[in-house]
Amino acid sequence: MSVLRIVGGGLFTGAGVAAMHYTGMAAMRLDGRLSYDRTRVVLSIVIAVVAATVALWLAVTVRRGLAIFGSALVMGVAVNGMHFTGMSALSAHLHPGGGEVTGADVSTLLVPIILAVIFVVVGLVYALLAAPTDEDRAAAAYLNGRLTAEPADRSGEVTADPVGLRARPTLGRPGTPFPSRPDRAPL
């Protein structure tokens, strides 16, 4: 990666973080007026761009696990440092004689988010646990091959056994007793 690409990527990423923050701030509604200290707004954008550039540089130049973790940490600092600097630039001036501001309370916002996160995590864990392994696929292919084998193959010719199912005591020849059952005396 060239220096120009890293700086361009950092500028783009930092500007994206700042745009996300200030778009969210512009969406706030209250019975009053919001104003910003321009110096702190510019400082917050500079923090976002510089930290994003450093994180991008670390991500593309260093390949060790600890350095990758460090670049992710720097990106986290970029987002948080930009956010808190931008929030310190904000001043809210309420209109005199304004009534109570109505809107959603905390539980109305957090409960659906928490439930969505729980369902997504449970779904991902279930998907990981239910995914077939290579042994499962090989066993299914072997059993499918046994079911679709030609009658001539069942006459005694040895077929391939990729996962060693023939060696297992639970798969006996037809007519042999099941290994886990004790032999019963004839009535």
Side-chain angles (χ1 to χ4, degrees), residues 1-96 98-141:
M1 294 292 284
S2 68
V3 174
L4 184 62
R5 284 186 176 184
I6 291 175
V7 170
L11 182 64
F12 186 74
T13 305
V17 169
M20 179 270 314
H21 173 80
Y22 287 110
T23 301
M25 294 299 295
M28 287 191 341
R29 298 291 176 246
L30 63 121
D31 193 16
R33 171 180 59 83
L34 299 177
S35 63
Y36 292 93
D37 177 20
R38 291 184 194 273
T39 306
R40 289 186 186 171
V41 168
V42 170
L43 180 62
S44 70
I45 295 170
V46 167
I47 289 172
V49 169
V50 169
T53 304
V54 170
L56 183 62
W57 176 76
L58 285 173
V60 299
T61 58
V62 182
R63 294 289 175 217
R64 293 190 322 254
L66 189 59
I68 292 171
F69 175 76
S71 68
L73 191 63
V74 169
M75 192 61 206
V77 169
V79 172
N80 285 315
M82 187 266 139
H83 172 73
F84 288 113
T85 306
M87 290 303 292
S88 72
L90 174 68
S91 296
H93 307 281
L94 297 178
H95 294 308
E100 182 180 333
V101 177
T102 59
D105 59 351
V106 173
S107 64
T108 306
L109 294 173
L110 285 181
V111 169
I113 293 172
I114 291 171
L115 287 175
V117 168
I118 288 171
F119 285 132
V120 166
V121 168
V122 167
L124 289 174
V125 168
Y126 178 74
L128 284 174
L129 293 176
T133 63
D134 289 338
E135 288 179 358
D136 294 336
R137 287 187 202 98

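Quantities reported herein were computed from a predicted structural model and do not represent experimental measurements.
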Any idea which heavy atoms bring Ala89 and Arg40 closest together, and the distance? CB-CB, 3.4 Å
Looking at OH of Tyr36 and CE of Met87, how far apart are the two atoms once the value is rounded to the nearest 0.5 Å? 7.5 Å
Look only at the side chain of Ser44 and the backbone of Val41, and say whether a donor-acceptor pair between them is shorter than 3.5 Å. yes
Do Leu11 and Thr53 have side-chain heavy atoms sitting under 4.5 Å apart? no
For Gly14 versus Ala52, what's the shortest heavy-atom pair and its separation? N-CB, 3.7 Å
Considering residues, nucleotides and ligands other than Phe69, do more than 12 of their heavy atoms fall under 6.0 Å from its CZ? no
Using side-chain heavy atoms (C-beta onward) and a distance below 4.5 Å, is Met25 in contact with Leu34? no
How long is the straight-line distance from CG of Asp37 back to OG1 of Thr85, given to the nearest 0.5 Å? 11.5 Å
Spacing of Ile113 atom CD1 and Ile118 atom CD1 [to the nearest 0.5 Å]: 12.0 Å
Nearest atoms (heavy-atom pairs only) where Ile45 meets Ala18: CG1-CB, 3.9 Å
For the student: nearest non-hydrogen atoms of Ile47 and Met82, plus distance: CG2-N, 3.9 Å
How long is the span from the NE2 atom in His21 to the CZ atom in Phe84, to the nearest 0.5 Å? 10.0 Å
